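Note on naming: letters A, B, ... go to the chains in the order of the sequence lines (proteins, then strands), and numbering restarts at 1 for each one. All values reported here derive from a predicted model rather than from experimental measurement.
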Amino acid sequence: MGIDFKNLLNSKQYDAVRNYEGPVLILAGAGSGKTRVIIYRIAFILEKGIPQKAIMAVTFTNKAAREMSIRIRELAGRHLRNLTISTFHALGSKILRKSIHILGYRPNFSIYDQQDKLALLKDLAHEAGHKHDSIDLYAVSQIFSGIKTGHSTWTAFTEQYEDLYKAYNSHLKLYNAVDFDDLIVLPLRLFQEHKDVLAEYQKQFKYFLVDEFQDTSLLQYQFIKLLAGHTKNLCVVGDDDQSIYSWRGANYENILQFEKDFPHFQEIKLEQNYRSTGKILLAANQLISNNKNRKGKKLWTGTEDGELIQFCIVENEKEEGSYIAEQVKAIKLKHKVPLSQFGVLVRTNSLTRSIEEAFITYHIPYKVSGGMSFFQRKEVKDIIAYLRIIANPDDDVNFLRIVNVPKRGIGRKSIEYITHIATEKSCSLFSAMSAIRHAADSEINKKIKTEIIEFINTIEYYKQKFFSRKKLAETLRGLIDHIDYWGYLVQEYKKGNTAKWKYMNVEGLVNSLADYEDDPDNLDPNLYAYLNRITLLTQDDNQDEENEEKVNLMTIHSAKGLEFTAVFLAGVEESIIPHVRSMSEDESNREEERRLFYVAITRAKKHLYITACRQRRKKGKVEEVQISPFMEEIPKDLINVCEHEDEVTQEDAEDYFKKMRLGKGL
DNA sequence: CGTCTCCAGGTTTTT
DNA sequence: CCTGGAGACG
């Protein structure tokens with residue numbers, strides 16, 4: 001490739017790149033060129049003649065993995081197909097696809113997301129005789145997650161759910177399904193209990209990179225440690241100030257553990273920030289210095305001071321939306337910032353709506369990532385459920401989802417009967433149903449029996465079709481027509497053009513499958529691989545949209561690792577950030593919320609706009625809200641306070657907190 | 001027995 | 001505003 005590494009990197013970055021052997025810990029502050037270092041490091045390793053397939057780079061989100069592939073492709077000038085750049089979960093799913101039979105599952109396993117998991121728990125809780133609202137299944141599912149990942153143990157309180165937990169896991173196994181936690185837990189178990197499997201992977205992979213190391217969980221760390229224990233060529237990159245996933249078991253103390261496990265590691269600190277202007281960086285530094293529990297580092301920048309941070313207090317979320325839309329237009333015009341360089345960040349997914357509406361009104365193209373992602377929409381999930389049943393008929397959760405969608409007369413009583421048979425034979429619902437087909441006499445009436453046979457035939461017909469011929473998307477289109485899903489939508493959603501909209505989403509799914517099978521990078525496109533893939537894809541839908549001229553709207557969590565010339569931070573209000581639900585417990589939660597705010601601020605290169613409302617609509621009710629206390633932690637001389645439309649002078653702005661509380665008497 | 005209609009509730013962040 | 005549940009019809 002002939003890259004002049006030395007001149008393209010500063011001396012610290014260069015160190016981080018060229019020390020490619022042995023354990024390396026890179027502590028990289030926000031905007032210090034972390035991703036750049038990883039990209040160049042991979043390029044450097046490749047230049048040393050190491051084959052692509054010996055390199056494994058693990059990131060945290062699909063977005064980050066995609067970003068990384070694109071950038072390495074740009075740098076290398078070619079597509080590196082055998083390079084492994086993946087999330088932990090996607091990696092786990094690949095390993096399981098290959099070796100899950102060792103653990104007694106079949107290779108066509110289903111992956112259950114949160115919704116599937118809850119559906120299963122709901123059934124089991126019902127069966128166990130728990131009254132419908134006597135049990136908070138959402139909380140229970142989180143407890144189970146903690147137990148499974150070893151993040152927590154049974155307590156006097158949680159013990160009551162132990163039976164449910166056992167039932168949950170045995171049913172997963174019966175359905176030949178795994179949940180998200182299993183994607184880490186099971187590969188780890190494979191490695192620990194089947195040394196030959198581990199050896200196989202160790203033989204292939206020699207160089208390891210882990211991005212966002214502060215966000216890895218204990219199990220994920222153990223997983224990578226096993227793989228890399230062999231060569232010790234493990235490079236981890238992290239920043240304790242950007243640890244925002246502790247609720248999911250992330251543990252930045254993995255950094256300490258790393259130091260223990262790999263005693264002769266090299267430590268490299270990247271503290272020069274190339275991203276943000278002086279004022280933005282100063283604000284971020286001041287804010288984060290309020291956290292007690294941190295390693296402490298000084299980020300500095302050589303770039304200009306830049307403009308003040310704009311803080312705008314508006315009446316309600318509607319005004320907030322139009323303020324942001326107007327400012328986007330103004331900045332785009334004045335500073336010639338392309339739309340793709342705008343990031344609008346919010347704490348929760350539900351906050352995107354009002355901003356989206358404003359963008360639509362102002363004709364500003366935008367895209368939202370995360371949230372109710374495409375693949376979780378009801379209509380899309382229905383069709384996916386068909387595919388899942390075709391791939392794995394034992395998947396009861398997805399079976400129940402579609403056995404009577406569209407309506408085919410197989411209602412509650414019939415299902416109860418099938419369930420009864422399934423329990424008796426301890427087999428899946430689909431098997432039980434197939435048994436009914438052949439049984440001479442059964443308690444099921446003729447008409448329903450005909451429907452059952454028709455359903456089974458449909459599934460089997462398409463199963464054979466999906467696996468015998470290559471045209472996946474075309475086959476899916478045939479299936480959708482066959483079950484007359486369109487007719488179902490029309491009947492179900494009579495008002496407005498909801499049905500049409502939903503059908504467009506269904507078509508979107510077909511297109512996604514078409515894109516998948518037409519992608520030349522997919523050497524072996526097949527239904528199993530496609531299903532596994534989309535289950536892990538919560539974020540943005542498809543391919544290379546990165547060139548599109550659109551404003552980016554997303555949560556702070558999904559903005560991690562990204563940067564934008566102009567950042568808008570909306571809904572900076574008490575109870576949103578820090579979020580009410582995080583405040584309940586101890587101070588460490590507050591610190592995490594502060595880190596979240598820190599991550600948000602440090603996404604901005606040049607322009608940072610913060611907005612807060614006086615009142616906000618929550619669940620239909622309008623509520624008075626206060627400014628986030630974190631705003632007080634940013635030095636006032638870095639901020640220009642304004643009202644929507646009326647610019648406010650600096651003296652007026654002196655005490656914006658007081659003014660807020662007095663209401664709108666500005 | 002299955003379906004339709006009306007009513008309540010809403011889960012922080014992601015894989 | 002949208003999804004799921006409960007109870008009324010057909």
Side-chain angles (χ1 to χ4, degrees), chain A residues 59-65 86-93 111-115 117-119 122 126 132-133 136-142 145 149 178-184 212 215-217 220 244-250 345-351 353-354 357 369-373 375-378 381 404 406-417 443-445 447-448 451 491-496 498 502 532-539 554-560 571 575-584 589 592-593 595-596 599-600 617-621:
Chain A
T59 65
F60 213 60
T61 59
N62 296 305
K63 212 189 192 83
S86 174
T87 63
F88 275 105
H89 289 83
L91 198 61
S93 114
I111 301 172
Y112 278 10
D113 65 13
Q114 183 73 17
Q115 273 181 59
K117 186 176 177 178
L118 279 175
K122 199 191 267 169
H126 184 73
H132 184 256
D133 42 2
D136 180 354
L137 289 175
Y138 188 79
V140 169
S141 86
Q142 298 204 315
S145 201
T149 56
V178 301
D179 63 18
F180 275 136
D181 298 322
D182 287 327
L183 291 178
I184 309 299
E212 308 287 6
D215 286 331
T216 51
S217 69
Q220 286 165 338
I244 54 174
Y245 282 96
S246 67
W247 50 273
R248 188 171 117 178
L345 312 185
V346 289
R347 172 69 235 264
T348 65
N349 285 304
S350 55
L351 296 176
R353 197 181 204 100
S354 54
E357 278 162 14
S369 9
M372 179 66 128
S373 97
F375 294 107
Q376 318 217 343
R377 291 178 192 158
K378 198 173 171 336
K381 275 217 109 178
N404 204 26
K407 304 257 158 63
R408 49 173 71 88
I410 305 175
R412 211 188 70 231
K413 260 276 131 58
S414 310
I415 305 270
E416 262 170 31
Y417 179 67
E443 294 159 43
I444 295 262
N445 82 38
K447 189 167 161 285
I448 290 171
E451 290 295 342
Q491 189 209 354
E492 203 78 353
Y493 303 96
K494 290 192 181 82
K495 56 187 174 200
T498 322
K502 294 203 176 232
N532 284 359
R533 184 186 138 105
I534 58 173
T535 315
L536 297 176
L537 228 71
T538 23
Q539 306 237 356
M554 67 187 88
T555 64
I556 301 172
H557 280 88
S558 27
K560 195 157 78 137
S575 90
I576 291 180
I577 181 162
H579 199 275
V580 257
R581 295 192 68 120
S582 74
M583 300 278 280
S584 48
N589 284 330
E592 176 142 322
E593 293 289 311
R595 287 194 294 270
L596 204 47
V599 167
R617 208 180 184 85
K618 289 176 182 170
K619 288 182 213 160
K621 276 243 186 272

Roughly how many Å is it from CD in Glu212(A) to C1' in dT14(B), rounded to a whole number?
13 Å
Determine: side-chain N/O of Lys122(A) to OP1/OP2 of dG5(C), distance under 4.0 Å, yes or no.
yes
Excluding sequence neighbours, so at least two apart, what forms salt bridge (charged side-chain N to carboxylate O under 4.0 Å, His left out) with Glu451(A)?
none
Please state how far atom CD1 in Ile448(A) lies from atom P in dC1(B), giving the value in whole angstrom units.
8 Å
Let me know the distance between NZ of Lys447(A) and C1' of dG2(B), rounded to the nearest Å.
9 Å
With heavy atoms under 4.0 Å as the rule, sort Phe88(A) into base, sugar-phosphate or nothing.
nothing
Side chains of Thr149(A) and Asp181(A): do they bring a donor and an acceptor to under 3.5 Å?
no
Sugar-phosphate atoms are those with a prime plus P, OP1 and OP2; base atoms are the rest. Using that split, label each nucleotide of nucleotides 4-13 of chain B B, S or - for protein heavy atoms under 4.0 Å, 5' to 3'.
S-----BBBB
Test of understanding: with side chain to side chain contact (heavy atoms under 4.5 Å, CB included), list the residues that count as partners of Arg353(A), not counting sequence neighbours.
Glu357(A)
Atom NZ of Lys381(A) and atom C1' of dT3(C) are separated, to the nearest Å, by 14 Å
Take atom CG of Asp215(A) and atom P of dT14(B), then tell me their distance rounded to the nearest Å.
12 Å
Taking side chain to side chain contact (heavy atoms under 4.5 Å, CB included) as the definition, give me every residue that meets it alongside Gln491(A), ordered by chain and number, with sequence neighbours left out.
none
Measure from NZ on Lys117(A) to C1' on dT14(B) and round the result to the nearest Å.
12 Å
Phe180(A) CZ to dT14(B) C1', straight-line distance once rounded to whole Å
8 Å
Categorize Asn404(A) for me: base, sugar-phosphate, or nothing, with a 4.0 angstrom heavy-atom threshold over every strand shown.
sugar-phosphate
I'd like to check the salt bridge (charged side-chain N to carboxylate O under 4.0 Å, His left out) partners of Lys502(A); sequence neighbours left out, ordered by chain and number.
Glu379(A)
Taking only residues two or more places apart in sequence or in another chain, which ones pass side chain to side chain contact (heavy atoms under 4.5 Å, CB included) with Ala90(A)?
Ser86(A), Thr87(A), Leu536(A)
Between C1' of dG2(B) and CD1 of Ile410(A), the distance in whole Å:
12 Å
Short side-chain to backbone donor-acceptor contact, Gln220(A) and Phe88(A), under 3.5 Å
no
